[in-house]
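Only this structure's heavy atoms are used, side chains among them; waters, hydrogens and symmetry mates stay out. In listed order, ligands and their atoms are each counted from 1.
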Amino acid sequence: MSNLVIPAERAARHGGPDFFKGGAKFAETFEIWGGLSSKDTVLDIGCGPGRMAIGIGERFNWENDLIGFDVIKIDADICRNVISSQHPNFKFVHVNAWNGHYNPAGTIQPYEVEFPALDNSIDFAFATSVFTHMYKREAGHYLKECYRVLKAGGRLFSTWFSITDATSQSKHARLKFSHALHDGSFTDFPDRPEEVIGFKYEDITDLFQSSGFKSVTFFQGDWSKTADRSTVRHGQDVFICTK
Ligand SMILES: C[S@@+](CC[C@H](N)C(=O)[O-])C[C@H]1O[C@@H](n2cnc3c(N)ncnc32)[C@H](O)[C@@H]1O
């Protein structure tokens with residue numbers, strides 16, 4: 001368990017009592033599914049109040065840089081104040097991009113965001129529960145930015161709600177994605193779509209391909225209750241792709 005103190009109100013939005021446990025479990029998955037190692041330079045896209053960064057800092061004897069960014073200023077500030085004091089090579093940036101759910105006053109269009117990282121500088125990028133709040137245009141742009149900043153052979157670990165015939169027919173699925181949006185994505189909340197957005201599986205793989213990624217590996221999550229329970233590790237679906 002971490003000795004870092006994240007304000008309870010912010011942690012409550014990211015697992016509450018399981019905030020640290022969730023980060024630790026993802027850090028383990030980054031290593032076993034995504035090959036993350038302490039020699040990697042890492043980009044944490046949509047870092048929130050640092051759940052994943054803390055998990056990574058505690059799992060590995062970290063030697064390299066981690067850059068995190070988020071559209072919520074208070075979360076980027078918390079990460080900088082709390083996490084960077086213990087891990088000085090972890091840097092956190094506020095990017096004031098619009099998101100109807102998380103940052104409705106944002107002044108930058110999400111499909112115009114430039115990631116705070118240089119071309120070909122990142123070994124491992126991840127976005128956990130971030131593409132699940134984005135429309136297709138911005139998701140496509142973020143994937144192109146991922147491609148730009150990753151080194152050749154670098155990996156992107158991302159989570160999505162990936163919709164198939166099986167998930168749509170599942171009686172026990174946690175989300176139904178019954179409302180189609182203007183761009184071919186789906187939500188359960190047409191009056192506040194950015195709260196949860198899913199895409200058809202083929203649309204996600206098309207987005208990866210048109211962003212330049214050739215190799216994509218899929219691990220189904222538990223949200224739809226259609227995954228093999230013996231291998232599932234997380235609620236959302238995981239796509240890992242390599243530049
Ligand atoms: C469900 S939270 C997940 C936070 C963190 N990745 C985690 O797993 O603990 C979604 C995060 O995505 C951020 N977000 C939404 N739109 C974004 C964007 N365009 N760029 C970066 N972050 C964004 C939100 O502010 C929020 O912190």
Side-chain angles (χ1 to χ4, degrees), residues 2 4 6-7 9-30 34 42-58 66-80 82-83 90 92-117 124-146 149 156-161 174-175 185 187 189 192-198 207 221 223 233-239:
S2 175
L4 296 175
I6 299 298
E9 192 270 323
R10 300 311 303 164
R13 292 161 193 264
H14 303 271
D18 289 333
F19 180 85
F20 294 111
K21 218 159 69 179
K25 178 140 188 214
F26 264 103
E28 185 180 59
T29 310
F30 293 157
V42 173
L43 182 67
D44 180 352
I45 300 158
C47 58
R51 192 165 66 123
M52 302 300 158
I54 294 171
I56 289 173
E58 305 217 325
L66 179 147
I67 305 165
F69 72 94
D70 203 282
V71 301
I72 301 183
K73 184 169 184 322
I74 187 173
D75 284 342
D77 289 348
I78 287 169
C79 288
R80 208 175 310 109
V82 178
I83 305 174
F90 284 22
F92 296 94
V93 181
H94 174 231
V95 172
N96 193 22
W98 177 90
N99 180 283
H101 184 56
Y102 289 103
N103 191 25
T107 54
I108 305 172
Q109 292 295 345
Y111 47 82
E112 291 175 346
V113 166
E114 184 174 338
F115 286 3
F124 188 86
F126 65 88
T128 50
S129 197
V130 179
F131 290 110
T132 50
H133 304 282
M134 284 188 176
Y135 296 102
K136 198 181 268 179
R137 181 178 184 184
E138 47 212 65
H141 173 73
Y142 266 50
L143 291 180
K144 288 193 175 101
E145 278 292 285
C146 288
V149 301
L156 168 65
F157 180 112
S158 56
T159 71
W160 303 70
F161 290 115
R174 193 158 63 75
L175 296 156
S185 60
T187 187
F189 310 114
R192 46 192 162 95
E194 301 86 16
E195 204 164 316
V196 60
I197 293 179
L207 282 172
W223 67 273
R233 288 184 58 84
H234 299 284
Q236 298 181 6
D237 303 309
V238 172
F239 288 80

### Message
Checking His234 against Thr159 for the side chain to side chain donor-acceptor pair (under 3.5 Å) test, could you report, in this order, the C-alpha distance in whole Å, the side-chain angles of both residues, the deciding distance, and whether it holds?
### Response
CA-CA 9 Å; His234 299 284; Thr159 71; over 6 Å; no

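By the 3.5 Å distance cut-off applied to N or O atoms, Arg51 is counted among the residues near ligand 1. Taking distance alone, with nitrogen or oxygen atoms compared against 3.5 Å, His133 stays at or beyond that limit from ligand 1. Where the criterion is an N or O separation shorter than 3.5 Å, residue side chain and backbone included, Ala97 fails it with respect to ligand 1.
For atom 14 (N) of ligand 1, the closest non-hydrogen atom on the protein side is Val71 CG2, 3.9 Å. Ranking protein heavy atoms by distance to atom 3 (C) of ligand 1, first place goes to Thr128 O, 3.6 Å. Ranking the protein heavy atoms by distance from atom 22 (N) of ligand 1 puts Gly46 CA, 3.3 Å first. Here the heavy atom of the protein found nearest to atom 2 (S) of ligand 1 is His14 CE1, 3.5 Å. Nearest protein heavy-atom contact of atom 18 (C) of ligand 1 is Tyr142 OH, 3.2 Å. At the shortest separation from atom 25 (O) of ligand 1 among protein heavy atoms lies Asp70 OD1, 2.6 Å. Of all protein heavy atoms, the one lying nearest to atom 16 (N) of ligand 1 is Asn99 ND2, 3.5 Å.
Taken to the nearest 0.5 Å, the CD1 atom of Ile45 stands 9.5 Å off from the CD atom of Glu145. Considering OG1 of Thr187 and CD of Glu195, their distance stands at 8.0 Å, rounded to 0.5 Å.
Counting the atoms of ligand 1 from 1 in the order shown, those under 4.0 Å from a heavy atom of Gly48 are 27 (O). Interface atoms of ligand 1 facing Ile72, defined by a heavy-atom separation under 4.0 Å, are 25 (O). Residue Val130 approaches ligand 1 through these ligand atoms, each under 4.0 Å from one of its heavy atoms: 12 (O).
Phe131 and Trp160 have parallel rings, their planes meeting at less than 30° on a 0 to 90° scale where 60° marks the start of perpendicular. Aromatic ring pairs are classed by plane angle as parallel below 30°, tilted from 30° to 60° and perpendicular above 60°; the pair Phe92 and Phe90 is perpendicular.
The shortest side-chain heavy-atom distance between Leu156 and Leu143 falls under the 4.5 Å cut-off. Between Phe69 and Leu43, the closest side-chain pair of non-hydrogen atoms falls below 4.5 Å. Taking the side chain as every heavy atom from C-beta outward, Phe30 and Thr128 approach each other to under 4.5 Å.
Here the closest non-hydrogen pair linking Gly48 and Cys79 is O-SG, 3.2 Å.
By the 6.0 Å and 45° rule, Arg192 stacks over the aromatic ring of Phe189.
Within the structure, ligand 1 lacks Phe26 among the residues with a heavy atom less than 4.0 angstrom away. The shell of residues lying under 4.0 angstrom from ligand 1, judged by heavy atoms, excludes Trp98. Under a 4.0 angstrom heavy-atom cut-off, Met134 registers as being in contact with ligand 1.
For atom 10 (C) of ligand 1, the candidate residues are Ser129, Gly23, Gly50; the nearest heavy-atom contact is made by Ser129.
The side chain of Met52, and not its backbone, has at least one atom closer than 4.0 Å to an atom of ligand 1 (non-hydrogen atoms only; side chain from C-beta on).
Evaluated for a side chain to side chain donor-acceptor pair (under 3.5 Å) with Glu194, the options Tyr102, Tyr135, Trp98 yield exactly one hit, Tyr135.
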